[in-house]
Amino acid sequence: MAIIRVEEISNFVGQEATIQGWVYNRTDKGKLVFLLVRDGSGFVQCVAFKGDLDEATFDQLVRLPQESSVVITGPVREDKRAPGIPGGYEIGVKHVEIIQAADADYPMALKDHGVDFALDHRHLWIRMQSQWAVLRVRAAVIAAMREWLDSNGFVNMDTPILTPAACEGTSTLFETEYFDEGKAYLAQSGQLYNEANIMAFGKVYCFGPTFRAEKSKTRRHLTEFWMLEPEIAFCNLDGMMEIEEQMVTHIVQRVLRDRGPELKSLGRDLGRLEKIAPPFPRISYDDAAKKLKELYEAETDPEKKELLKFDWGMDFGAPHETALTALYEKPVFVYGYPTAVKAFYMEPWPGRPEVCKSVDLLAPEGYGEIIGGSERMSSHDLLLQRIHEHNLPEEAFKWYLDLRKFGSVPHSGFGMGVERTVAWLCGIEHIREAIAFPRTIKRVYP
RNA sequence: UCCUCGCUAGCUCAACGGCAGAGCGGGCGGCUGUUAACCGCUAGGUUCGAGGUUCAAAUCCUCGGCGAGGAGCCA
């Protein structure tokens, strides 16, 4: 008897099959019991008729609590009435083994919960269809981005998580004791190490957790999040934008191909994602500033108008990103930000030192910045000057300066926030649902 | 760090100065096609904490706790 996975059930219609899983929901109707069983790969309805089973077994099924673990065997049928993911298939229960009848006080109801309760029970919440679907999409996003990079000449290089000092000298970092060496800090980026890596390997990427100790308290922030950071030698800003739009398009297409049922179960409008294809619109910071001025003038609601206030030189806030991206159906590149609001290592714009060769990719539908990147500074002397201007300890950056002494080349790289990307693709409100166990300023449990 | 909001049954919420309520979940019973099934019965309360106003406080006031949304900062 074949043990099958629910996601492959369409291949087994007309055959007997066994599934191993958990009872997600139960409806009993006299001599008939419907069990919605999830096995990790999907959700399938199992139907038990009283006449098909001995009386003791049937009585057990009628009383079987939500989340009981079961092994069920029976014929696979196609039936339009059957709910589930993918749905439309069901299993007639011929034999059932109850591994454990769950306690009756399972706390997660099959309806809305408050945020606090849901997060306190995250270890159980991830079993629910919506959360399961989001996390399946996340896994597909990660697989797709690695797939694209691996097949386009990038070498995966893992960068350290324990680091000696601030990588960018901007964010607040988590601090820890490091034996007799003083303090060490949890990495906020692998970029500087990747700049060393490309001089050995050409094109590289790192992918791992990133830590920010800032007290950010919004739907777009976590204290621990996962970031993909490609870095490319002999690559300028335009070349990097092409890489970004190719990779993002590949991710979207793969998720549409492999996670359609999950996205549909989340109520996502797939039509909006199907439009994602190169080229993405590219606008300069200068033009974006003009558009924001126009949007500010046109806004009539005084509260929203205040939030849209903008002058050249400011960094974008969330309301600015939302207003700007609402003008487009695809992700939008905004390039050439003011040097003053960006990190010290970005290459200046030729002839315009007040602007740097930076580019952010803003997702549609108000999801904001999913990628931030730049062409890196290749001049040793200018980089040293910037390190001094930013009051960074020159000694800590000695190795980084070395990279500009021994075969410096133009190079570029970017960081993509995985949770923001997943939130956008799934159409969910808050990025905390895009990671299995979110870490926020107020939460380290469970 | 600042602004705003919330906290009542296991969960989601109602009651807004006058008897503590409903739906879901739990328990018991009924039903051969349910889709968060439905129908009947049933158990379930330190209304976040402390203090105050009042004949009377879940409700009004003060302080505290916890959480959320947003700003700033960022991916």
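Residue numbers begin at 1 in each chain, while the letters A, B, ... track the order of the sequences.
The base of C11(B) is not paired with the side chain of His113(A) by any donor and acceptor separated by under 3.5 Å. Taking 3.5 Å as the limit, the base of C31(B) and the side chain of Asp28(A) contain a donor-acceptor pair of atoms between them.
Tyr367(A) contributes a side-chain N or O that, together with a main-chain N or O of Ile428(A), makes up a donor-acceptor pair within less than 3.5 Å. Counting only distance, with no hydrogens or angles, the side chain of Asp103(A) and the backbone of Asp105(A) share no donor-acceptor pair below 3.5 Å. Side chain of Thr73(A) to backbone of His95(A): no donor-acceptor contact under 3.5 angstrom is found. At least one donor-acceptor pair under 3.5 Å links the side chain of Arg420(A) to the backbone N or O of Glu369(A). Although no hydrogens or angles enter the test, the distance criterion places a donor-acceptor pair under 3.5 Å between the side chain of His320(A) and the main chain of Lys309(A). Distance alone, capped at 3.5 Å, places no donor-acceptor pair between the Thr223(A) side chain and the Arg212(A) backbone. Between the side chain of Arg138(A) and the main chain of Ala434(A), a donor-acceptor pair closer than 3.5 Å is present. Here the side chain of Arg122(A) pairs a donor or acceptor atom with the backbone of Ala436(A) at under 3.5 angstrom.
Of the residues in residues 424-446 of chain A, His430(A), Ile431(A), Arg432(A), Lys442(A), Arg443(A) come within less than 4.0 Å of RNA chain B through at least one heavy atom, sorted by number. Of the residues in residues 42-69 of chain A, those lying under 4.0 Å from RNA chain B by heavy-atom distance are Gln45(A), Phe49(A), Arg63(A). For the segment residues 311-330 of chain A, residues with any heavy atom less than 4.0 angstrom from an atom of RNA chain B are, sorted by number, Asp315(A), Ala318(A), Pro319(A).
Here the separation of G65(B) from G51(B), taken at their C1' atoms, is 15 Å to the nearest Å. Look at the C1' atom in both C55(B) and C13(B): the space between them is 31 Å, to the nearest Å. Look at the P atom in both C63(B) and C39(B): the space between them is 48 Å, to the nearest Å. Going from the P atom of U12(B) to that of A50(B) covers 23 Å, rounded to whole Å. Between U46(B) and C7(B), the two C1' atoms lie 15 Å apart (nearest whole Å). Nucleotides G67(B) and U8(B) are separated by 15 Å at their P atoms, to the nearest Å. When the C1' atom is compared between A36(B) and G23(B), the two are found 12 Å apart, to the nearest whole Å. Remark: the separation of the C1' atoms in A68(B) and A15(B) is 24 Å, to the nearest Å.
Each of Ala82(A) and Asn25(A) has a nearest nucleotide on RNA chain B; the 5'-most of these lies closest to Ala82(A).
No side-chain donor from either of Gln129(A) and Arg38(A) sits under 3.5 Å from a side-chain acceptor of the other. Side-chain atoms of Tyr205(A) and Asp150(A) form a donor-acceptor pair, as typed in the model, at a separation below 3.5 Å. A donor-acceptor contact closer than 3.5 angstrom links the side chains of Ser189(A) and Glu229(A).
Counting any heavy atom pair closer than 4.0 Å across all strands shown, Asp116(A) reaches sugar-phosphate atoms only and no base atom. Counting non-hydrogen atoms under 4.0 angstrom, Glu90(A) reaches a base of the nucleic acid. Counting non-hydrogen atoms under 4.0 angstrom, Gly114(A) reaches the backbone sugars and phosphates but no base. Within the nucleic acid shown, Leu36(A) has no heavy atom closer than 4.0 Å to any nucleic acid atom.
A salt bridge links Arg5(A) with Glu7(A): at least one charged nitrogen is closer than 4.0 Å to a carboxylate oxygen. Ion pairing of Lys357(A) with Glu375(A) is present here, as a side-chain N (NZ or NE/NH1/NH2) and a carboxylate O approach within less than 4.0 Å. The pair Arg254(A)-Glu147(A) meets the salt-bridge criterion, with a side-chain N (NZ, NE, NH1 or NH2) lying under 4.0 Å from an Asp/Glu carboxylate O. Ion pair Asp116(A)/Lys442(A) not flagged as a salt bridge, since none of the NZ, NE, NH1 or NH2 atoms sits closer than 4.0 Å to an Asp/Glu carboxylate oxygen. Ionic pairing of Asp79(A) and Arg77(A) is not present here: no N-O contact between side-chain nitrogen and carboxylate oxygen is shorter than 4.0 angstrom. Salt-bridge formation is detected for the pair Glu67(A)/Arg127(A): a Lys NZ or Arg NE/NH1/NH2 atom is positioned less than 4.0 Å from an Asp or Glu carboxylate oxygen. Between Asp28(A) and Lys50(A) there is no salt bridge, since no side-chain N of the basic residue sits under 4.0 Å from a carboxylate O of the acidic one.
Rounded to whole Å, atom C1' of A75(B) lies 17 Å from atom CG of Leu186(A). To the nearest angstrom, P of G27(B) lies 16 Å from OH of Tyr106(A). Atoms CG (Leu222(A)) and P (C73(B)) sit 19 Å apart, rounded to a whole Å. Look at CG on Asp105(A): it is 10 Å from P on G27(B), rounded to the nearest Å. Between the P atom of C73(B) and the CD atom of Gln188(A) lies a distance of 15 Å, rounded to the nearest Å. For Arg122(A) and G67(B), the CZ to P distance is 18 Å, given to the nearest whole Å. G25(B) atom C1' lies 11 Å from atom CZ of Arg26(A), rounded to whole Å. Look at CZ on Phe34(A): it is 13 Å from P on A36(B), rounded to the nearest Å.
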Between protein and nucleotides 4-10 of chain B, what N or O pairs are separated by less than 3.5 Å?
none

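Arg282(A) places a side-chain heavy atom less than 4.5 Å from the side chain of Glu245(A). Looking at heavy atoms from C-beta onward, Phe397(A) lies in side-chain contact with Leu392(A) at the 4.5 angstrom threshold.
Phosphate proximity of U32(B) to Lys29(A): absent, as no side-chain N or O sits under 4.0 Å from OP1 or OP2.
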Subject >> Base-contact (B) and sugar-phosphate-only (S) positions in nucleotides 39-45 of chain B, heavy-atom cut-off under 4.0 Å, - elsewhere >> reply: -------
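For RNA chain B, runs of at least 3 consecutive pairs of the Watson-Crick or G-U wobble type, with both hydrogen-bonding distances under 3.5 angstrom, map to B:1-7 with B:65-71, B:10-13 with B:21-24, B:26-30 with B:38-42, B:48-52 with B:60-64.
Distance from the side chain of Ser216(A) is smallest for G72(B) among the nucleotides A75(B), G67(B), G72(B). Residue Lys215(A) has its side chain nearest to U1(B) when only G33(B), U1(B), C74(B) are considered. The side chain of Leu32(A) sits closest to U32(B) out of G26(B), A71(B), U32(B).
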**OP:** Give the C-alpha distance, both sets of side-chain angles, the deciding distance and a yes or no for salt bridge (charged side-chain N to carboxylate O under 4.0 Å, His left out) between Glu389(A) and Arg386(A).
**Re:** CA-CA 5 Å; Glu389(A) 282 168 10; Arg386(A) 283 290 150 79; 3.2 Å; yes
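Residue ring and nucleobase are stacked for Phe225(A) and A75(B), with a centre distance beneath 5.5 angstrom and an angle between planes beneath 30°.
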